[in-house]
Number of protein chains: 2
Amino acid sequence: MMKISKKTQYGLRAMICIAREYGAKTPITVKSISEKEAIPFDFLEKIVSRLEKASLVKGRKGVQGGYMLSRPPAKISAKNIVSALEENDAPVNCRLCGRKSVCSSKNVWKKIENSLNSTLNSITLQSLLK
Amino acid sequence: MMKISKKTQYGLRAMICIAREYGAKTPITVKSISEKEAIPFDFLEKIVSRLEKASLVKGRKGVQGGYMLSRPPAKISAKNIVSALEENDAPVNCRLCGRKSVCSSKNVWKKIENSLNSTLNSITLQSLLK
DNA sequence: TGAAAACCGACTAATATAGTCGGTTTTTAT
DNA sequence: ATAAAAACCGACTATATTAGTCGGTTTTCA
Ligand code: FES
Ligand code: FES
């Protein structure tokens with residue numbers, strides 16, 4: 001039911017990995033994350049690049065390059081991460097419902113969406129480091 | 001993010017439809033539900049049949065046949081319906097994680113699962129009829 | 001006895017996810 | 001200077017899941 005994609009699972013694990021290095025001088029490489037977490041390198045690269053586009057992470061090219069958090073772990077929520085990686089943000093896209101005016105079930109999906117969001121918002125990377 | 005399948009969306013709408021007839025002498029047909037709700041007939045038949053296997057609904061064959069609720073609307077939750085229709089009940093299947101012992105993210109998915117379940121459990125068909 | 005319904009399983013089509021590949025660009029240590 | 005190591009990028013392929021279809025059989029009732 002409502003599966004979380006591998007992309008998002010990998011993404012969260014990668015972010016935790018990067019967060020552990022917060023404060024270090026040198027950034028952490030995708031290669032190193034992929035080894036530590038047993039995530040396919042090429043796939044992970046794509047994932048981290050989306051996290052960068054969402055400004056959660058900052059990359060540095062070249063030798064000694066890698067990624068680092070773009071802000072403190074306390075300022076990054078699970079919701080930030082999930083939103084960066086999933087396109088359709090809601091469990092049900094009501095725009096496609098067609099029967100919106102008489103739709104008997106929309107309240108159910110709205111409640112789910114709300115409870116999901118508030119749960120995700122309440123979790124910070126900081127809180128996951130312990 | 002975590003899309004609810006059409007199967008489940010249709011299923012909930014069908015259940016609400018059937019619930020509206022609770023107390024009537026004659027059951028409601030799949031054909032009639034499919035017309036009212038603009039859901040493909042053949043697909044809906046399969047869905048309702050799963051709802052029956054989960055004992056949420058009872059079918060009667062033949063002329064004047066159809067489906068009716070197997071218990072009062074107050075005794076059927078959104079969770080009952082969703083569970084009947086989706087195979088993998090949890091957003092993340094930790095059995096497949098492989099890194100369970102060191103998995104940094106499982107608490108996130110557990111929290112989501114819990115909040116989802118408690119939301120779904122709190123909604124009854126009864127409450128959706130108003 | 002025939003029509004209307006549920007009931008059933010196998011099939012196909014469409015879409016989404018997961019993963020791969022072959023490159024280009026930037027940076028830094030030597 | 002240059003070579004290696006890394007990010008960065010887009011197009012591609014494979015696999016899995018979802019959505020929907022089809023051709024029947026069985027049961028019930030008027
Ligand atoms: S309006 Fe959202 S599911 Fe119908
Ligand atoms: S143990 Fe559940 S995601 Fe790793």
Side-chain angles (χ1 to χ4, degrees), chain A residues 1-11 13-14 18 21 25-35 37-68 70 82 85-89 91-93 96 98, chain B residues 1-11 13-14 18 21 25-35 37-68 70 82 85-88 91-93 96-98:
Chain A
M1 171 237 287
M2 294 184 67
K3 266 217 316 259
I4 298 274
S5 65
K6 285 247 187 277
K7 184 166 62 174
T8 299
Q9 294 180 47
Y10 290 163
R13 278 159 60 193
I18 298 168
E21 306 291 294
K25 287 164 230 143
T26 52
I28 183 172
T29 67
V30 171
K31 180 149 169 285
S32 137
I33 300 171
S34 97
E35 279 161 3
E37 294 288 328
I39 297 169
F41 174 84
D42 291 304
F43 194 22
L44 184 57
E45 228 181 13
K46 242 178 32 175
I47 292 167
V48 176
S49 129
R50 296 193 63 156
L51 293 168
E52 168 159 57
K53 291 213 179 79
S55 305
L56 300 181
V57 115
K58 236 193 93 209
R60 201 168 76 204
K61 285 180 173 183
V63 175
Q64 308 266 30
Y67 287 95
M68 47 189 12
S70 64
V82 171
L85 297 171
E86 305 277 335
E87 9 262 64
N88 40 350
D89 233 55
V92 167
N93 187 342
L96 306 172
Chain B
M1 173 239 286
M2 295 182 69
K3 267 216 317 259
I4 297 272
S5 66
K6 286 249 188 273
K7 184 166 62 173
T8 299
Q9 294 180 47
Y10 290 162
R13 277 159 63 194
I18 298 169
E21 307 290 295
K25 285 164 237 146
T26 53
I28 184 173
T29 68
V30 170
K31 181 149 169 284
S32 139
I33 300 171
S34 98
E35 280 162 1
E37 294 288 329
I39 298 169
F41 174 84
D42 290 305
F43 195 22
L44 184 56
E45 229 181 12
K46 241 176 35 171
I47 292 167
V48 176
S49 128
R50 296 192 63 155
L51 294 168
E52 169 159 56
K53 289 213 181 79
S55 305
L56 300 180
V57 114
K58 237 194 90 209
R60 201 167 75 204
K61 285 180 173 182
V63 175
Q64 308 266 31
Y67 286 95
M68 46 187 16
S70 65
V82 170
L85 297 171
E86 306 276 336
E87 9 262 66
N88 41 350
V92 168
N93 188 342
L96 307 171
C97 177

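All of these numbers come straight from a predicted model, not from anything done at the bench.
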Between the main-chain N or O of [Y] and the side-chain N or O of [X], is there a donor-acceptor pair closer than 3.5 Å?
| X | Y | value |
| --- | --- | --- |
| Gln9(A) | Ile4(A) | yes |
| Glu37(B) | Arg13(B) | no |
| Ser34(A) | Pro40(A) | no |
| Thr29(B) | Gly66(B) | no |

Which nucleotide span of DNA chain C, 5' end to 3' end, has atoms closer than 4.0 Å to non-hydrogen atoms of chain B?
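Contact boundaries, 5' end first: dA3(C) to dC8(C).
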Of Gly62(A) and Gln9(A), the one whose closest DNA chain C nucleotide lies more 5':
Gln9(A)
DNA chain C: 5'-proximal contact among Lys3(A) and Lys31(B) (nearest heavy atom):
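Result of the comparison: Lys31(B).
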Return the nearest nucleotide to the side chain of Phe43(B); candidates are dA19(D), dA6(D), dA30(D).
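Of dA19(D), dA6(D), dA30(D), dA19(D) is nearest to the side chain of Phe43(B).
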To the nearest angstrom, how far is [X] atom [atom1] from [N] atom [atom2]?
| X | N | atom1 | atom2 | result |
| --- | --- | --- | --- | --- |
| Ile4(A) | dT17(D) | CD1 | P | 16 Å |
| Lys46(A) | dT13(D) | NZ | P | 14 Å |
| Glu86(B) | dA19(D) | CD | C1' | 13 Å |
| Leu85(B) | dA19(D) | CG | C1' | 14 Å |
| Lys58(A) | dA6(D) | NZ | P | 18 Å |
| Lys61(B) | dT28(D) | NZ | C1' | 9 Å |
| Tyr67(B) | dT27(D) | OH | P | 14 Å |

Taking atom NZ of Lys58(B) as the centre, report whether more than 12 heavy atoms of other residues, nucleotides or ligands fall under 6.0 Å from it.
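Not buried by this count: 12 neighbours or fewer within 6.0 Å.
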For [X], answer base if it contacts any base atom (sugar-phosphate contacts may also be present), sugar-phosphate if it contacts only those atoms, and nothing otherwise; contact means non-hydrogen atoms under 4.0 Å.
| X | value |
| --- | --- |
| Phe41(A) | nothing |
| Val30(A) | sugar-phosphate |
| Glu45(B) | base |
| Ser49(A) | nothing |

With a 4.0 Å cut-off, would you call Glu87(B) and Arg50(B) a salt bridge?
yes
Between Tyr10(B) and dG20(D), is there a contact of a side-chain N or O with OP1 or OP2 at under 4.0 Å?
yes
5'-most contact on DNA chain D: Ser5(B) or Gly65(A), nearest heavy atom basis?
Gly65(A)
As an exercise, state the distance from CD1 of Ile18(B) to CG of Leu56(B), rounded to the nearest 0.5 Å.
9.5 Å
